2 protein chains.
Amino acid sequence: MSAPVSKSPATLHDVAREAGVSLATASRSLNGSARKVNESYRLRVVEAAQRLGYTTNLFAQAVAKGSTTTVALIVADIADPYFSSIAAGVIDAAGNENLVVTIAVTGRSSERELDTVRALRGQRPKVMILAGSRTTGSPYEEHLRAELSSFEDTGGKVAFISQDAAPFATVLLDNRGGARDLAIALAGLGYRRVAVITGPAEIRTAEERLDGFRTGLAEHGIPLLPEQIIHADFTREGGYRGTQELLASGAPVDLIFAVNDVMAVGVVSALRDAGVVPGQDIGVAGFDDIPTVRDITPALSTVRIPLEDVGRHALRLATGTATDAAAVQQAVSTETIIRGSTPPRDATAG
Amino acid sequence: MSAPVSKSPATLHDVAREAGVSLATASRSLNGSARKVNESYRLRVVEAAQRLGYTTNLFAQAVAKGSTTTVALIVADIADPYFSSIAAGVIDAAGNENLVVTIAVTGRSSERELDTVRALRGQRPKVMILAGSRTTGSPYEEHLRAELSSFEDTGGKVAFISQDAAPFATVLLDNRGGARDLAIALAGLGYRRVAVITGPAEIRTAEERLDGFRTGLAEHGIPLLPEQIIHADFTREGGYRGTQELLASGAPVDLIFAVNDVMAVGVVSALRDAGVVPGQDIGVAGFDDIPTVRDITPALSTVRIPLEDVGRHALRLATGTATDAAAVQQAVSTETIIRGSTPPRDATAG
DNA sequence: CTGTTAGCGCATTCAC
DNA sequence: GTGAATGCGCTAACAG
């Protein structure tokens, strides 16, 4: 017994024949164009298509029209809530414009990022959105820019999320300002001996947040010495290990700022595992306001970034749907959020 | 001054001309085929391509070959860690086979799911992976199956994640068995008065877990009465509200089982907000073992599903890369994980 | 092994 | 308005 022969999908040609009209008429009545086809014909075509289970072959359409309906999104790690929230926003906005989004991950490797961009160009996406944070000093950065420029030269559009990546469109995250505001708020709560757990030095987002935080502290006359800064992976594990390292050093601390929430979550767990009560013995703050930080104990103080909006923004910026037509950069406002992880210091300190 | 004219991307034709060879030779040396082209020619072609910044137009390639390198992944909500973890697995496995994955979200609407599948068919993906859990009694289910069957008839392959969706390939999640084992473990710890916060009745995953849990309890002679079962949204908020409802009812409970971790997280927060200490006053357990449940307090007891593996599995199942060639269904083993949210009852109860 | 030619499925310009 | 013919970028026979 032979397996059922796999028929190939119905083509526009089939539909036209079934409806007894020409290929051209079928095309016109099914897919856009300056519609000027007799309603009765149109109906017959639509019905024939229905009967045959016809679906436009987007690839073929793309080849014929020379343009696609694809947007490529490149993230470091889709399982990271930071990126998955942004992805949700991008996908949502894309849906509104009838665009399909393909997602690729780089695992935070600049090399893979470059490879990915190159591979994705084969898709001839209408736009490419790079959500990973930029690194400094990577030998691939330059090639990446070249690749992206070439992509734009050939009709594509790219949008970055994070820091300024001129000449490309960018949804600017105010890392410095947000961190500065947070530092000021925290200083106002009475924290004085702070440590920062940051990411690898090449990650610009980490550096900017560290820098902004330092600035804010300085405004309150609080120093941030090199030994109070610990570099670790930009992940939950990084935050965890960084905290262990900090604790081991015996440095007196009343506050730990982790440059992103995912790390901060690791900080909180590490503290607890070490018998230190987060929020009580030591304050903890993060950055991003990912969904889970409301649910850990104590709830985490952080800097809110409207992640989904950022994703939506990026897409609209790239497709030119953004209301602010001229804007090639859109800054997103951040908001300091104080929760239980950083109670007023004078009230809780021993 | 005029804006730079957007050149169109270099075509294979351009490359061939630049290299002084025929179109066919260029094609052969650049993209696969049974390679048998003179090395010196190949080199010239490759260099020319490099010089022109040529990238294969995957769309055109797809049209010509009649097959694509796309896999479509359909999830309820990409920002939900359950789905984003699965997505990470799918993307990872896809990368190994040089496949690009496009993601679409349904927001848990069967109607949108159907629409999405239809739309995605236009992409002529090699495989379609449906990760959302199935619903029962939806008028769209039938249409969905028809659409998917038609998709398979025309050469596509579909894979489901969750419950049996014959005749389609499925990565089977042992919801019943996992929940049963959990119930048994929990009963063994001394819990007796349990409540379950489950999802909408149409969601099969929720029903299966509820059912399995009930079975496990029954084996210990513990009943699960209707009034001890609360239906809520399949989300964090659902868990939160369901708990409020439960608390308001005044029913005496020593354990709450939420049918998924995301809901369980809501349960824990609701308890805490109500002044009830989770894990101490009332035990809490979930299902899935999403990453964050390790980091909430107390850490959540749950049933572990290797989410990323599930994603990888699904892809391999669909592409036929699965080692177990004959398998059209792959069951994934679950593991009961007891953490701080369900300490031995006799030791903690007042 | 290389070049020529004919499609792939669709959009579109051009006559009718 | 409608249909026939051409081309999009590429692959796959097909000859040389």
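Model, not experiment: these values are computed from the prediction. Protein chains get the first letters and strands the later ones, always in sequence-line order, with residue 1 at the start of each.
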Salt bridge (charged side-chain N to carboxylate O under 4.0 Å, His left out) partners for A/R145, two or more places apart
none
side-chain contact (heavy atoms from CB on, under 4.5 Å) partners of B/A60, counting only residues at least two apart:
A/V63, B/N57
I would like to know whether B/I161 and B/L130 meet side chain to side chain contact (heavy atoms under 4.5 Å, CB included); could you show each step before the answer?
CA-CA 6 Å; B/I161 291 175; B/L130 303 250; over 6 Å; no
Mind calculating the distance between CG (B/L23) and P (C/dT5) to the nearest angstrom?
12 Å
Residue pairs involving residues 88-138 of chain A (criterion ring-ring contact (aromatic ring centres under 6.0 Å, His included); sequence neighbours excluded):
none
Throw together a table of side-chain donor-acceptor distances under 3.5 angstrom for residues 85-101 of chain B, partners on residues two or more places apart or in other chains.
unit_1: B/S85; atom_1: OG; unit_2: B/P81; atom_2: O; d: 2.9
unit_1: B/D92; atom_1: OD2; unit_2: B/R312; atom_2: NH1; d: 2.7
unit_1: B/E97; atom_1: OE1; unit_2: B/T319; atom_2: OG1; d: 3.2
unit_1: B/E97; atom_1: OE1; unit_2: B/T321; atom_2: OG1; d: 3.2
unit_1: B/E97; atom_1: OE2; unit_2: B/T319; atom_2: OG1; d: 3.2
unit_1: B/E97; atom_1: OE2; unit_2: B/T321; atom_2: OG1; d: 2.8

Of B/V21 and A/L12, the one whose closest DNA chain C nucleotide lies more 5'
B/V21
Phosphate contact (C/dA11 OP1 or OP2) by A/S27 side-chain N/O below 4.0 Å:
yes
Please list every donor-acceptor pair under 3.5 Å in which a side-chain atom of residues 46-56 of chain A meets a protein atom from a residue at least two apart or in another chain.
unit_1: A/R51; atom_1: NH1; unit_2: A/E18; atom_2: OE2; d: 2.3
unit_1: A/T56; atom_1: OG1; unit_2: A/N31; atom_2: OD1; d: 2.9

Output all residues satisfying ring pair (Phe, Tyr, Trp, His ring centres under 6.0 Å) with A/Y82, sequence neighbours left out; order by chain, then residue number.
none
Contacts of A/R204 that satisfy salt bridge (charged side-chain N to carboxylate O under 4.0 Å, His left out) - sequence neighbours left out
A/E208
Which is more 5' along DNA chain C, the nucleotide nearest A/P9 or the one nearest B/S40? Just name the residue.
B/S40
Pairing of A/R108 and A/D80 as salt bridge, 4.0 angstrom limit:
yes
Sequence neighbours excluded, which residues qualify as side-chain contact (heavy atoms from CB on, under 4.5 Å) partners of A/S22?
A/A24, A/T25
Residues B/D115 and B/R112 bridged, charged N to O under 4.0 Å:
no
In whole angstroms, the gap separating P of C/dT5 from NE2 of B/H13 amounts to 13 Å
Identify the 5'-most and 3'-most nucleotides of DNA chain D with at least one atom closer than 4.0 Å to a non-hydrogen atom of chain B.
D/dG9 to D/dA13
How sharply is the helix from C/dC1-D/dG16 to C/dC16-D/dG1 bent, taking the axes over five pairs at either end and rounding to 10 degrees?
40°
Ordered by number, residues from residues 53-66 of chain B within less than 4.0 Å of DNA chain C (heavy atoms) are B/V63, B/A64
Does the pair B/K126 and B/K157 meet the rule for a side chain to side chain contact (heavy atoms under 4.5 Å, CB included), with working shown?
CA-CA 6 Å; B/K126 192 184 284 284; B/K157 191 85 176 90; over 6 Å; no
With 3.5 Å as the limit, what N/O pairs link the protein to nucleotides 14-16 of chain C?
none

So does B/E202 pair up with B/R134, basic N to acidic O under 4.0 Å?
no
